[in-house]
Amino acid sequence: MHYHTPASFEEAVRIAASAGGVTRFLAGGTDVLVQLRAGAVTPDDLIDLKHIPGVHDIAATPQGGWRIGVAVSGAELGEHAALKRDWPGVVEAMELVGSTQVQGRATLTGNLCNGSPAADSVPALVAAGARVAVTGPQGSREMAVEQVPTGPGKTALGPGDLITAITLPPRGAGGGDAYQRFIPRTEMDIAVVGCAVNLTLEGDVITQARVALGAVAPTVMLVPEAAEAIISTTLDSDALEALVKVARSAARPISDKRGTAEFRTDIAGVLARRVAELAYARAKGRAK
Amino acid sequence: MSKIHVTATVNGDSVEFLADPRETLLDALRDHLGLIGSKEGCGTGDCGACSVLLDGRLVSACLVLGVEAEGHEIETIEGMAGPDGTLHPLQRKFIEHAALQCGFCTPGFLVASKALLAKTPDPTEEEVRYWLAGNLCRCTGYDKIIRAVMDAAAEMRGAA
Amino acid sequence: MVEVHLWSGLKRLTDGEITVAVEAATVGEMLDALTRAHPGLAPVIEVGVSAAIDGEIVNGRHVAIPPGAEVFLLQRLKGG
Amino acid sequence: MAKDEMNPAFKLIGTRVLRPDGLDKVTGRARYGADFAAPGMLFGAAVRSPHAHARIKRIDATRALALDGVKAVVTRADFPTGLTGEDWNLQENCMAGDVALYDGHAVAAVAATSALLAQDAAKLIEVEYEPLPHVTDVDDAIKPDAPAIRPGAADHSVPDGMPPNVVRYFEFGHGDLDAGFAEADIVRAQTYRTEATHQGYIEPQACVGQLGADGKGEMWVTTQGQWYVRWMCAAVLGLETAQLRVTPSEIGGGFGGKTTVFIEPLSLALSRKAGGKPVKLVMSRSDVLRATGPTASASMDVKIGMKADGTMTAGRAEFRMQGGAFPGSPLNEALECAFAAYKLPAVEHIGHEVLANRPKAAAYRAPGAPMAAFAVESLVDEIARELGLDPIAVRLKNAVREGDRSSYGPRYKSIGLVETLEAAKAHANYAAPLGPNQGRGVATGYWFNHNGDTSVSMAIAEDGTAQVSVGTPDIGGSRASLGLMVAETLGIPYEHVRVNVVETGALGINEPSHGSRATFASGKAAVIATEQAIAEMCRRAAAEWGIEPEAVDWVEGAAQPAGPNAGKFPPMKIAEIAGQMSSTGGPIAGHYEGLPEGVGASFGTHVVDVEVDPETGRTTILRYLVVQDAGRAIHPAYVEGQFQGGAAQGIGWALNEAYIYGEDGRLQNAGFLDYRIPVACDLPMIDTVIVEVPNPGHPYGVRGVGETGITPPLPAVANAIAAATGARLRRLPMNPPAVLAAIKAVRGG
């Protein structure tokens, strides 16, 4: 295995493009090293992105959103008060990934690129309307986060493509987001179901919403019907009941060692309701 | 497969070692530097027995490559007591509270707890338990570990 | 004479007897006498058994059996 | 006699002194299995079967051996043939012969100059398998048409006509069962199931083995029993036992799982083939879960008869257990513990041991007892609930006392079940108010405890301090408790005693630290050895004073004349006697070799409060109380630690831990991510009450305390969930999907 420390994304792309065998990009390494250890993936070329200027930065965008470097750890996200104030759901989702030790290394970009349908941060990013900047042999482009994962362990990134930053839109007034997951223990498990809700209020009425579910389909999915169920409502009991129903019918889970399909479907509804209530309370300024 | 020369600071000392790029920081500490206090319980970041501080940040040494240590500062259990051997309050409280049985997870718990108290000097029991969720102990049921951390925190606040 | 209480699964090997009276002053003598009386018990005893003498589980062949003691044969116990 | 009347004024026993190995363990200096290195050492790696059951058609190591730095490859062909019985089982489990019997079964091993190289080489060893039909579930394995795993493996106990995988059959009981059930007002029968769990010690198996062409060998290893490692390796490799010297490292947890061998014989075989160079083998976590010994899984039918006033009239238990592809599941222990807490006029036990394509079960803390308790204590709770009786009252009504006949035959000697029930009833937790979706569960548990082969030596040093050499590795503070007992006996400060866990060359044989025996057996042996040394010191003083040795007493660390008639001499302190020993007759020491009789069994009662989220089925432990009879707590903090650790393991077993096998017979959760042991935030503080009904068979009243604590949590949690939700779970684990499904079933939707 060859270890590279490029000083720019362009150089990283060049190394990747010229590599013949298996290539992996390394930021936090919390997935790459586990695969390496298990013998599941032993890259021929490992390209460490942490020496590229700017990858450790969390920066405000001119539009009022946030640009998050690819090597920013979960712990650093959690310590960024202004980001956490704007997007508590995104930050809390990332903070659920792994242990405190894993938080010291794991990144949003890595969580996204691992392609897991159960990745905690991804539903929150999708609900937030986050976008990624991609650089590759064909040049640079932007895409919505929900376009990145294409199946378990698979992404829309081509050979040599790499994400250079994740951008969160401006929060705006009357907004709130939240993420929760269900796991058997209190910590340290992979989500059996995850749900993120991002909404905007005018007065008590929801004017915009995005709802995303994790671990109930081959990829994290945006559920527009779930958003429609609560838009133009005050999240009253009828709206919540409709949301629960829609979330459950949108879920297409499998049964595996972490939960049965029936259980996941059930919990998708329970979480959608709980998370929507929390996001709503945050938008009203009633919850942190 | 060529090895890479790595220079880092470990427990305040400048060290050098040759690392195969596939070796973890844990391998480097244990096999190249003789610092066997950090333990491997899982190799997948699930048990916390290899907890170390990397530039002051709590990480699992099994999830960091040895080559990534280049130019960085690492603190391990071996650097926790004072240069004259004076124990850190956490170390002392772990012994006093019988917070260890087999002791294999103890270095990881101590390093992780030190990182907690640096960030949160007055943690609640719940904060301690969640912070230490990635440190598995199979012997104690955690009871005496939590008590030792809370007691050490109280003593350190009093001493400060 | 010592009355040895067997476990009922051994009945097949002792012509249906669940207690066997043998002449023995120690656990070892008792086990040997059991084997002589019922050769079918030999593999069972060879694998390892414990004896309970007046409620105390013992493993040594040398242990004495007091007159009138209540003796049970038990499968050898393991611990974690 | 009341406890406090029996409790003499000890100076040290019962104090919370600092453990002697504490400093090494908080500074990272303590050396565990993987921390040893020997000059010229090679590193090994094992090749393991990816199939649950497969014929091994060909093993080709040519490509591995061609790598620069690869020194040796071993397969079963490198081991002796002709072994029988348990020796053969051990050998077969360490290295597959013609057939791989489970996912993770070792089929070859390689040694090379680095760990990475050994792993690379292992991948280059080509193994051709012919997959065979497999079975992993206990109820499937006992079917008459199940794939026969090892024809001919059944022992003498199995009657003709049993299904092919039944290898052991067991029945015992007493009384008239039909009459007992006829006498009952209510008779209930249910089936309960537990899944296999792993001990989950955090330190994986690790060893460095060295074996020369002369048959002499060395091993450094993490183990609960260095003599067991020695005889097992010798048996598996056909060596002379005394030619092997085994040194135990500090041990990072065992819970029974480190009382046998897995990689140890492989390291010796590799070493011998590599010209005698030492070979280090360290298991990965996934190897530990796939290939070391978990516990058995069980399927259990239980029937109990009870009168309306709570009196139990009869009990019947029929258990089926699989302990992997080898005999040795804790079937008889499970059955003997099943009704141990109850005075039953009629009781019957039947057991079937079944083979399945899983790793060979190893001991796990009170082997068998937790499964049995789950079945029996759940059903007792169900019936008590149906009759509207208090769970502690029902247990007190039927509780065994000294002199009662046990369910497994013998009469009990001194026991403390009633005392633990009374203490639980009196504890504040038993009266704490409960909110919505909360419930309380009670259960009792039992473990026999064990003595075993024990050798201890102790010696006085030149300055009057003392050393004790024991053969039981210190797993949870036993050096502290042994040091306390020796210091108390000698009448010297605790700090003046050093307790060493020694290698096999230093003592006669010892059983491992298992069966809750270390403090009982090594403790009793150490006290006897110390008394010999004291007698010798009294003789030295007597000679000095010119009086009879019988006229000398040992008081507070000094010899003194027994009374005014013995003579008038100032006390001669231990340091003075020790300082002169070279001129008064030479070394002063004592030793014990034997089977220390007088084991005292330990009962416990647990009370747990849970809250169940009715929408998700997740159970939160709100309060947990362990009450257990310790006989006497030598070091109360480490007794509490055993109670708390056992409870935590039991809670894990109850709620989330389980071996999950796929249709393909492969283990799906071979890591701490999905083998879900409790983490710190899953548990509350665990309250403890140490009951002390001294064991008359031990000089300080010790019973073992290590094992009983894992027994009650399984049913206690089930009983609490039933109280909280109305849903009765009869199968483990009671994870959220299972609990939610059960809640929906009782609430109709």
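The structure displayed is predicted, hence computed values, not measured ones. Lettering of chains follows the sequences in order, A, B, ..., and the numbering in each one begins at 1.
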Minimal non-hydrogen separation, [X] against [Y], with atom names:
X: B:A133; Y: A:E187; result: CB-CB, 3.5 Å
X: A:T100; Y: B:W131; result: OG1-O, 2.5 Å
X: A:M188; Y: B:D46; result: CE-O, 3.7 Å
X: B:G134; Y: A:S99; result: CA-CB, 3.5 Å

Taking the side chain as every heavy atom from C-beta outward, state whether [X] and [Y] have any atom pair closer than 4.5 Å.
X: A:T186; Y: B:R129; value: no
X: A:L46; Y: B:V67; value: no
X: A:R105; Y: B:L54; value: yes

*Give, as side chain, backbone, both or neither, the part of A:E79 having an atom under 4.5 angstrom from any heavy atom of chain B.*
side chain

_Structural part of A:T42 lying under 4.5 Å from a heavy atom of chain B_ = side chain

*Distance-only, no hydrogens or angles: does the B:T44 side chain make a donor-acceptor pair with backbone N or O of A:V34 under 3.5 Å?*
no

Interatomic distance, [X] atom [atom1] to [Y] atom [atom2] [nearest 0.5 angstrom]:
X: A:T5; Y: B:I4; atom1: OG1; atom2: CD1; answer: 8.5 Å
X: B:E68; Y: A:H51; atom1: CD; atom2: NE2; answer: 7.5 Å
X: B:L26; Y: A:R37; atom1: CG; atom2: CZ; answer: 9.0 Å

Would you mind checking which part of [X] comes under 4.5 Å of any heavy atom in chain A, side chain (CB onward), backbone (N, CA, C, O), both or neither?
X: B:C50; answer: neither
X: B:L116; answer: neither
X: B:E70; answer: neither

*asked:* Name the residue from B:L63, B:V64, B:N135, B:V52 that meets the side chain to side chain contact (heavy atoms under 4.5 Å, CB included) definition with A:Q101.
replied: B:N135

*Derivation and outcome, side chain to side chain contact (heavy atoms under 4.5 Å, CB included), residues B:R57 and A:E76*: CA-CA 10 Å; B:R57 178 79 69 189; A:E76 288 165 329; 3.4 Å; yes

*asked:* So for atom NZ, which belongs to A:K257, do other residues, nucleotides or ligands contribute more than 12 heavy atoms lying within a distance under 6.0 Å?
replied: yes

